[in-house]
Amino acid sequence: MSHGVRVDAATQITICCGQSEAMAATVFAVVEEGDEVVLLDPVYETYQSCIILAGGTPRYVSLNPPHWSLDFENLESAFGSKTKAIIINSPHNPTGKAFSTSELAKIATLCCKYDCLAITDEVYEHIIFDGREHVSIASFPGMQQRTIVTSSLSKTFSVTGWRIGWAVAPATISAAIGNIHVKMTDSAPAPFQEAALVALQSTTNFFTQLKQEYEERRDYVCEMLLQAGFSNFLKPEGSFFVFAELPKACPLNDSVFQVDYVAELIQGAGVAVVPGRGFFHQAADTVGQSTQFKDQSNTGEELSAEEVYDSNGATKFGELCIQNYTTRYIRVAFCKDMATLRAAKTAIQKHLALVDPDTGHKQHYSSQCSLDRPHFFT
């Protein structure tokens, strides 16, 4: 029994080559031509590929920054007669959001109402912070028979190369997943499965220490970002990512600049982060995502980019919701040792000292190649 759910290991668990294969095998087993699958945007990039390969159609529903809240009217509008499943990743990559019990309960209600499946990615289930406890939607009334849980050894035990993951599902669905699995990869590495048995019997102290160490790294990186001018981000509730909006002084609505910013950080500081645009989808394809700026302090009127910021890059309104945010985020990973994080902080500080505040570009580059001093955050 795990997270309040009791399963039959002989008929309800398929061991796969990592969570990625578990997700692919699950989608291929349950999604047919013409089915729709709801995804919460921004979204980890492999889910939609699996859906499309299976002949299905992704339906994206926007999570709203900075807390990545979910509008349930928008969510329900994405459900319909063609909906086969919703994919839920909690704690969430890239935002660090851990969906609350009340949010999961509302999603569960929609799954039951529209008679669809919930497919979960729970690889960060043990990396959750500030006293929170991981909750699986499979534990809600009426959900175990319509939920497929995927997870893996990789993140909890820092063994991403071992490729040991699993899918837990009702017996009939599990049999279908197993049939797909043996045709894709045949089996997961047997020696690592033996090691996994030992790892999964770790004491409570191991999981407690894991959370404490990642909380320390999270707090350090969040403070580093604040000092570097990043002020708009959710302090991660789980996972090991911070999804941060670029400082306000950076040009608005320019996905090319976002990539340039990342490239310059690599070249100038030897620090690599991930451009956020790869996690988002076009507004035309996403329920609840607007391409406009809205002043929510008064009339809710749409605003131009020039009306949002003054000449110093400061916002002109006290309560401002920037809906056109998809080109303004980067993902920073803190699954590094503290020595690496400290070195990265020093490198970023030296880099920012040479950046022109008006253009966001470096005034001159060090002759030292970034490959001589990488502190990768990807």
Handout entry: Between Thr208 and Asn205, a side-chain donor and acceptor under 3.5 Å
Key = no
Handout entry: Heavy-atom donor-acceptor pair, Ser90 side chain to His92 backbone, under 3.5 Å
Key = no
Handout entry: From Leu117 atom CG to Met143 atom CE, the distance as rounded to the nearest 0.5 Å
Key = 8.5 Å
Problem - Qualifying residues under side chain to side chain contact (heavy atoms under 4.5 Å, CB included), relative to Ser139, sequence neighbours excluded - result: Val5, Val135
Practice task
Taking Glu216 for its side chain and Gln212 for its backbone only, find out whether a donor-acceptor pair lies under 3.5 Å.
Solution key: no
Exercise for the section: Flag the pair Asp219 and Lys235 as a salt bridge only when some basic side-chain nitrogen lies within less than 4.0 angstrom of an acidic carboxylate oxygen. Expected result: yes
Practice task
Verify whether one side chain among Gln227 and Glu223 offers a donor that lies under 3.5 Å from an acceptor in the other.
Solution key: yes
Exercise for the section: Would you verify whether the NZ or CZ of Arg331 falls within 45 degrees of the ring axis of Phe241 while also being under 6.0 Å from that six-membered ring's centre? Expected result: yes
Exercise for the section: Would you mind checking if Arg217 and Asp337 are paired as a salt bridge, meaning a charged N to carboxylate O distance below 4.0 Å? Expected result: no
Practice task
Report the residue from Phe99, Phe279, Phe243 that forms a ring pair (Phe, Tyr, Trp, His ring centres under 6.0 Å) with Trp68.
Solution key: Phe243
Practice task
Would you check if the side chain of Arg218 reaches a backbone N or O of Pro236 as a donor-acceptor pair within less than 3.5 Å?
Solution key: yes
Handout entry: Pro170 backbone acceptor or donor facing Ser174 side chain under 3.5 Å
Key = no
Exercise for the section: Taking the six-membered ring for Trp and the single ring otherwise, decide whether the centroids of Phe206 and Phe157 are under 6.0 Å apart. Expected result: yes
Handout entry: Check: Ser136/Glu122 side-chain N/O donor and acceptor closer than 3.5 Å
Key = yes
Practice task
Evaluate the side chain to side chain contact (heavy atoms under 4.5 Å, CB included) criterion for residues Cys16 and Met184: first the C-alpha distance (whole Å), next the side-chain angles of each, then the deciding distance (0.1 Å), finally the verdict.
Solution key: CA-CA 10 Å; Cys16 299; Met184 290 201 300; over 6 Å; no
Problem - Rounded distance (nearest 0.5 Å) linking atom CD of Glu237 with atom CZ of Phe129 - result: 10.0 Å
Handout entry: Row check, Phe79 ring normal vs Lys113 NZ/CZ: under 6.0 Å, within 45°
Key = no
Exercise for the section: Go through the side-chain N and O atoms of Gln19 and Thr150 and say whether any donor and acceptor fall under 3.5 Å apart. Expected result: yes
Handout entry: Side chain His181, main chain Thr14, donor-acceptor under 3.5 Å
Key = no
Practice task
Would you give the length of the straight line joining atom NZ of Lys97 to atom CG of Leu40, rounded to the nearest 0.5 angstrom?
Solution key: 9.5 Å
